[in-house]
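Note that these values count all heavy atoms, side chains included, but never hydrogens, waters or copies made by symmetry. Predicted model only: the values in this text are computed from it and were never measured. One-based numbering, in listed order, for ligands and for the atoms of each.
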Amino acid sequence: MLALGAVSYLWATPGVAPGFFDMFFLAFVERLFRPTYRKDDFVLGKKLGEGAFGVVYRVSWAKKPNSKKEGDLVVKKATEYGAVEIWMNERVRRACANSCADFVYGFLEGSSKKGGEYWLVWRFEGDATLSDLIQSKEFPYNVETMILGEVQNLPKGLERENQIIQTIMGQILFALDGLHSTGIVHRDIKPQNIIFSEGSRTFKIIDLGAATDLRVGINYIPKEFLLDPRYAAPEQYIMSTQTPSAPSAPVATALSPVLWQMNLPDRFDIYSAGLIFLQMAFPSFRTDSALIQFNRQLKRCDYDLVAWRKTVEPRASPDLRKGFELLDLDNGIGWELLTSMVRYKARQRISAKAALAHPYFDREGLLTLSFIQ
Ligand code: ADP
Ligand code: MG
């Protein structure tokens, strides 16, 4: 069994559509050899968040009989959708662990028939999401300090800010590339779902509750799911409406690379990441109401950023002008990347992998981004 497990592990290389067999067999073997936990192993602490499908708490281990049980954790107590989120986290842990928060374990507490809850356990990555950080007046210098670990006494200015923003964008795109190469589309990329990991000093993605795994047809766009309208791309469906329902798992495994190429569902996340880039570059779009207003303006311009710029630039506020100036550095290479991400047609948007190779990332960031290449 172990040998088979090893073979299937090698087989399931990220970026290659894994077969039906190894996906499920691997999950089974891994599950067999990992420690199992239950409710009583954890002590609930402060509530960190409450979404439509679950509540998140900070927790600690009840007893610490071994060295693995160290450090703080978070638990999400979720409704029926928790099962899908556990699946996604297990998959990410095997295929692209660095993209997302470190997943420890997931289980059903109680019986699913009697309204049991799914418990999802992660390591506590840190106190701040990108949303908290961009709301600060100090942004982006607060992030520079967190990434480099100490206050830098270098001269502040547009160039420096651009360098910090470039580093953050590089980390987000790196994490997204990991997910997309694994066959997962997140569908809820926003600053609230990007956490700063104090351990690795990088940004990681959280909240796979809305994610869809197209390689096996898991969570194939449930009709009742509402996308966050502030960051959602204009397309309502991320797969062509010609593909009416979720194909069964084996069929999806065989077909999905083809469906993926036809529909490029990953570009939905790219649009959302582009809006994050925009919020980082323009201080005036960092509040919810300002972002909603921007979305309205962009819609009026048929989602054409260049047309939008023409309408707002002549009477731009100093904050708005500052954003354009930052994106215009180095012959407008930042503006070029932004306009390749925020486009009406999914097909015309750049992929996460291509974005990482974009000349915007050629100049050195805060850290060398060599780990990306
Ligand atoms: P939801 O949006 O469904 O409520 P999330 O998974 O986005 O659930 O988590 C809610 C909040 O909990 C996040 O915004 C973040 O503040 C915190 N959080 C989630 N996962 C972690 C983690 N691994 N480490 C630290 N904080 C976390
Ligand atoms: Mg969330």
*asked:* Could you go through Lys76 and Asp207, starting from their C-alpha distance and side-chain angles, then the distance that decides it, and tell me whether this counts as salt bridge (charged side-chain N to carboxylate O under 4.0 Å, His left out)?
replied: CA-CA 10 Å; Lys76 184 184 273 188; Asp207 201 354; 3.1 Å; yes
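- At least one heavy atom of Arg123 sits less than 4.0 Å from an atom of ligand 1.
- Interatomic distance, Leu176 CG to Asp266 CG, rounded to the nearest 0.5 Å: 9.0 Å.
- Using a cut-off of 4.0 Å between Lys/Arg side-chain N and Asp/Glu carboxylate O, Lys322 and Glu161 are scored as salt-bridged.
- Of all protein heavy atoms, the one lying nearest to atom 19 (C) of ligand 1 is Ile206 CD1, 3.7 Å.
- Residue Asn193 has at least one nitrogen or oxygen atom sitting less than 3.5 Å from a nitrogen or oxygen atom of ligand 1, judged on distance alone.
- Atom 27 (C) of ligand 1 has as its closest protein heavy atom Ile195 CD1, 3.6 Å.
- In this structure, Leu208 and Arg91 have side chains that are not in contact, with every pair of non-hydrogen atoms separated by 4.5 Å or more.
- Neither the backbone nor the side chain of Val55 comes within 4.0 Å of ligand 1, counting heavy atoms alone.
- The N/O atoms of Trp122, backbone and side chain alike, include none that comes under 3.5 Å of an N/O atom in ligand 1.
- Each of the atoms 23 (N) of ligand 1 lies under 4.0 Å from some heavy atom of Ala101.
- Heavy-atom separations between Gly126 and ligand 1 include at least one value shorter than 4.0 Å.
- Using a 4.0 Å cut-off to heavy atoms of Phe124, the atoms of ligand 1 that qualify are 24 (N), 25 (C).
- Taking every heavy atom of both residues into account, His180 and Ala352 meet most closely at ND1-CB, 4.1 Å.
- Under the 30°/60° scheme for interplanar angles, the aromatic rings of Phe282 and Trp308 are found to stand perpendicular.
- When only interatomic distances are considered, the shortest N/O to N/O separation between Gly51 and ligand 1 falls below 3.5 Å.
- The protein atom (non-hydrogen) at minimum distance from atom 14 (O) of ligand 1 is Gln192 O, 3.4 Å.
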*Given the rule in the ring pair (Phe, Tyr, Trp, His ring centres under 6.0 Å) test, do Trp122 and Phe42 qualify, once you have shown the distances and angles that lead to the verdict?*
CA-CA 12 Å; Trp122 294 268; Phe42 311 103; over 10 Å; no
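- Taking the six-membered ring where the residue is Trp, the centroids of Phe277 and Tyr360 are separated by under 6.0 Å.
- Because its NZ or CZ atom is both nearer than 6.0 Å to the ring centre of Phe124 and within 45° of the ring axis, Arg58 counts as a cation-pi partner of that residue.
- Under a 4.5 Å side-chain heavy-atom cut-off, the cluster of Ile, Leu, Val, Met, Phe, Trp and Tyr residues that includes Ile195 is completed by Ile206.
- With a 6.0 Å radius and a threshold of 12 heavy atoms from other residues, nucleotides or ligands, Tyr344 has its OH atom at or below the threshold.
- The closest approach of Asp207 to the Mg ion (ligand 2), by N/O/S atoms, is made by OD2.
- A salt bridge between Glu144 and Lys156 is absent, with no side-chain N of the basic residue lying under 4.0 Å from a carboxylate O of the acidic one.
- In terms of polar-atom proximity, defined here as any N/O pair under 3.5 Å, Asp207 does make such a contact with ligand 1.
- Comparing heavy-atom distances from atom 12 (O) of ligand 1 across Asp228, Ile205, Val56 singles out Val56 as nearest.
- Ranking protein heavy atoms by distance to atom 24 (N) of ligand 1, first place goes to Glu125 N, 2.8 Å.
- Nearest residue to atom 20 (N) of ligand 1 from Asp188, Val74, Asp132 is Val74 (criterion: closest heavy atom).
- Contacts between Lys76 and ligand 1, counted as non-hydrogen atom pairs separated by less than 4.0 Å, involve the side chain only.
- Scanning the protein heavy atoms around atom 16 (O) of ligand 1, the nearest turns out to be Thr129 CG2, 3.7 Å.
- Between the Mg ion (ligand 2) and Gln192 there is no N/O/S contact shorter than 2.8 Å.
- The protein heavy atom nearest to atom 11 (C) of ligand 1 is Leu48 O, 4.2 Å.
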